Amino acid sequence: MMERKMRIGWAYTDITPDRPVYLAGQMYVRVSRYVHDPITASAIALENGEEQAVFVSMDTVAVPDFLTGEIRRRLADKGGPNPDRVSLCATHTHTSSRFSVVGNETLIRHMGRDRIEEPKAPDNILCGEEGKNYLAERIERLIMDAWESRREGFVGTAQDYAVVGFNRRPVFSTESGEEARMYGDCSKEDFLRFEGTVDHSVNVLYTWDEEGKLTGAAVNVPCPAQVMELHYFISADYWHYARKHIREKLGDIFILPLCGAAGDQNPLDLVRISKDNGEELKAWSAQAGEVFRNIDMSACCEDIGERIAEAVVRGYRQAAQMRHNRPVFRHSIVHANLPLRTVTEAEYAQAEKVIEEYRDRFDGHNRMKIEDQLKLYGPLGVADRYVMQQKGSIYPAELHVLRLQDTAIVTQPFELFVEYGLRIRAACRARKVLHVQLCNGYADYLPTRAAVLGGSYSSEPASTNVGPEGGDLLTSVLIKEANSLFA
């Protein structure tokens with residue numbers, strides 16, 4: 001049976017606020033002071049009369065909790081795409097906003113605002129319901145613009161490589177064995193190795209119009225956009241530079257950044273920067289405030305942007321030889337029930353003891369400074385997890401799996417450690433796999449067994465909802481569903 005012709009639509013919008021916002025991505029509360037470079041959102045719509053999919057990528061740390069449901073509700077009566085076939089994802093820049101958040105909401109919920117020392121927010125800060133509407137209105141309009149711009153065209157895919165991500169969990173020897181330290185100083189004598197591996201693949205979906213003119217590229221890089229993290233400005237991080245360099249080489253096309261499985265990755269080489277940032281790495285790991293590292297962040301982003309652009313150009317030469325206007329197109333949605341990572345009664349009792357001690361120590365006249373607030377991150381996470389597990393043992397995850405000719409696209413909502421992403425790419429029958437994490441919600445980190453044993457942030461209960469057993473199940477479900485589309 002001949003496949004139907006593909007119709008493709010693109011759209012782009014600027015989501016940079018013209019007022020201060022709460023920045024997301026660090027443990028300390030930050031309010032933006034200026035715009036370093038704009039943050040944007042892009043959308044692609046794919047449809048052939050039988051099947052459809054819309055992907056939205058935003059320069060945000062994650063998809064805000066409210067947004068997927070709100071966007072699907074708004075689209076329900078618009079006569080546009082099927083709301084369930086719309087997926088939202090994020091580049092994981094740490095210098096953007098969730099727009100809805102008002103300070104450290106978890107800490108406030110447990111301790112009360114009176115006990116907490118917070119930076120004074122300006123009167124005109126954009127947050128709360130106003131922030132929600134600001135973002136939702138722009139994303140709704142973006143999706144409809146992409147949908148209404150659909151025209152017949154061609155698609156093609158390619159895989160190339162660019163060095164972008166590096167493992168950020170070095171392992172060190174200790175008196176009792178070994179431990180991992182996220183952003184640990186690799187110049188120390190007790191540095192042994194990195195806990196996990198890396199993935200330098202760049203998988204790209206290209207689109208052309210009926211006349212064969214290139215119109216856009218969805219660029220899948222397994223690395224979060226966080227060169228610029230720790231600071232008080234707004235930035236799209238290395239994606240701002242990558243978009244610039246891609247357009248310099250391929251013209252003024254649409255670009256959809258997609259973050260691949262990269263829960264244990266970052267875009268800076270810790271071996272190199274450890275030589276000049278010993279004290280800075282300590283402060284970075286402490287997360288108590290802004291840290292000025294001895295690196296040229298803009299130069300790093302320029303270099304990364306150039307490397308991504310070079311991979312996209314090389315991939316373009318491959319994909320241009322194999323364009324399809326009637327590709328095999330399938331879209332499956334899976335609602336997976338993964339095992340919730342649980343804590344013990346003893347862990348909960350200890351956490352509650354610490355929390356109660358802090359309630360007794362602080363009040364409206366003696367407020368908790370950031371150093372004290374950070375000490376509660378783990379106990380609060382354990383306490384919340386204990387409450388969650390009383391209600392059930394399942395963590396639901398919405399997964400999307402697509403086939404586009406010889407390429408699979410898989411999505412999931414976690415910061416998934418790269419090992420799982422490599423397993424999925426290796427076991428899929430598809431020649432190429434675009435793996436999109438942080439999609440349709442934020443489910444926190446999903447670590448490996450080695451990471452749980454190594455400890456540190458990104459592997460402990462407070463920063464994970466699902467453990468390695470759930471990671472194995474998630475991997476299996478995605479592989480099975482993807483392969484079923486290629487049977």
Side-chain angles (χ1 to χ4, degrees), residues 27 62 92 106 165-184 186 190-199 222 224 260-266 270 285 287 336-351 354 374-389 392-397 412-424 435 437-438 442-479:
M27 292 186 185
H92 204 60
T106 299
F166 298 86
N167 192 279
R168 59 181 173 182
R169 289 178 56 88
V171 176
F172 300 86
S173 62
T174 67
E175 290 183 0
S176 58
E178 299 177 359
E179 68 177 17
R181 298 175 203 151
M182 189 164 168
Y183 297 125
C186 298
D190 55 353
F191 168 62
L192 296 175
R193 64 184 179 279
F194 284 94
E195 180 183 83
T197 185
V198 296
D199 182 359
D264 52 352
Q265 306 293 294
N266 94 117
L270 287 179
S285 296
Q287 287 284 308
N337 290 322
L338 305 177
L340 179 70
R341 185 177 180 183
T342 59
V343 297
T344 65
E345 292 279 350
E347 288 171 328
Y348 171 65
Q350 178 60 31
V354 173
L374 291 172
K375 291 173 184 175
L376 279 182
Y377 174 79
L380 293 179
V382 169
D384 281 350
R385 180 59 42 78
Y386 185 81
V387 171
M388 186 187 298
Q389 69 194 44
S393 60
I394 296 300
Y395 191 89
Q412 44 81 17
F414 298 92
E415 287 192 70
L416 191 68
F417 277 39
V418 75
E419 174 188 307
Y420 298 111
L422 292 172
R423 285 161 56 183
I424 291 166
H435 182 144
Q437 71 169 16
L438 297 169
Y442 178 64
D444 229 316
Y445 291 93
L446 207 169
T448 61
R449 285 175 174 80
V452 171
L453 288 172
S456 190
Y457 176 76
S458 76
S459 69
E460 297 167 339
S463 53
T464 63
N465 288 301
V466 174
E469 297 79 9
D472 290 341
L473 179 57
L474 173 70
T475 299
S476 175
V477 168
L478 287 172
I479 292 168

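The structure presented is a predicted model; accordingly, all values stated were derived computationally and were not measured.
Side-chain contact between Gln287 and Tyr377: absent, with no pair of heavy atoms (C-beta onward) separated by less than 4.5 Å. Residues Leu338 and Gln412 have side chains not in contact (no heavy-atom distance under 4.5 Å, counting atoms from C-beta outward). Two residues are said to be in side-chain contact when any heavy atoms from C-beta on lie closer than 4.5 Å; Asp472 and Arg423 meet this criterion. Side-chain contact check for Ser456 versus Glu179: every heavy-atom pair is 4.5 Å or farther apart. In this structure the side chain of Pro339 reaches within 4.5 angstrom of the side chain of Leu473, judged on heavy atoms. You'll find the side chain of Arg193 reaches within 4.5 Å of the side chain of Glu178, heavy atoms only. Between Ser458 and Arg168 there is no side-chain heavy-atom pair separated by less than 4.5 Å. In this structure the side chain of Val418 reaches within 4.5 angstrom of the side chain of Thr197, judged on heavy atoms.
The distance from atom OH of Tyr395 to atom CG of Asn337, rounded to the nearest 0.5 Å, is 12.0 Å. Note that OG1 of Thr464 and CG of Asp444 are 7.0 Å apart. Values are rounded to the nearest 0.5 Å. Taking CE of Met182 as the reference point, atom CG of Asn167 lies at 10.0 Å (rounded to 0.5 Å). To the nearest 0.5 angstrom, Arg449 atom CZ is 8.5 Å from Glu419 atom CD. Leu474 CG to Ile424 CD1: the interatomic distance, rounded to the nearest 0.5 Å, is 6.0 Å. Distance check, rounded to the nearest 0.5 Å: CG of Asn465 to OG1 of Thr342 gives 12.0 Å.
Relative orientation of the Tyr445 and Phe417 rings is perpendicular, given thresholds of 30° and 60° on the angle between their planes.
No side-chain N or O of Ser285 forms a donor-acceptor pair with one of Arg181 less than 3.5 Å apart. For the 3.5 Å distance criterion, the side chains of Glu415 and His92 qualify, holding a donor opposite an acceptor.
Closest approach of Leu192 to Phe172, counting heavy atoms only: CD1-C, 3.9 Å. Residues Pro222 and Ala261 come closest through the heavy atom pair CB-O, 3.6 Å. Of all heavy-atom pairs between Gly184 and Leu270, the closest is O-CD1, 4.3 Å. Contact detail for Leu446 and Val466: the closest heavy-atom pair is CG-O, 3.9 Å. Of all heavy-atom pairs spanning Ser459 and Ala451, the tightest one is OG-O, 3.1 Å. Here the closest heavy-atom approach between residue Gln437 and residue Phe414 is recorded as CB-O, 3.2 Å.
Tyr420 places a side-chain N or O within 3.5 Å of a backbone atom of Pro447 that can act as its donor or acceptor partner. Using modelled atom types, one side-chain atom of Arg169 and one backbone atom of Tyr457 make a donor-acceptor pair closer than 3.5 Å.
Ion pairing of Arg385 with Glu460 is absent here, as no side-chain N (NZ or NE/NH1/NH2) approaches a carboxylate O to less than 4.0 Å.
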Worksheet entry | Chi angles and distances behind the side-chain contact (heavy atoms from CB on, under 4.5 Å) call for Tyr183, Asn266 | CA-CA 9 Å; Tyr183 297 125; Asn266 94 117; 3.8 Å; yes
Item to complete: Under the side-chain contact (heavy atoms from CB on, under 4.5 Å) rule, what do Val354 and Leu376 come out as? Steps first, then yes or no, please.
Response: CA-CA 8 Å; Val354 173; Leu376 279 182; 4.0 Å; yes
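Residues Phe194 and Phe166 keep their aromatic ring centres 6.0 Å or farther apart.
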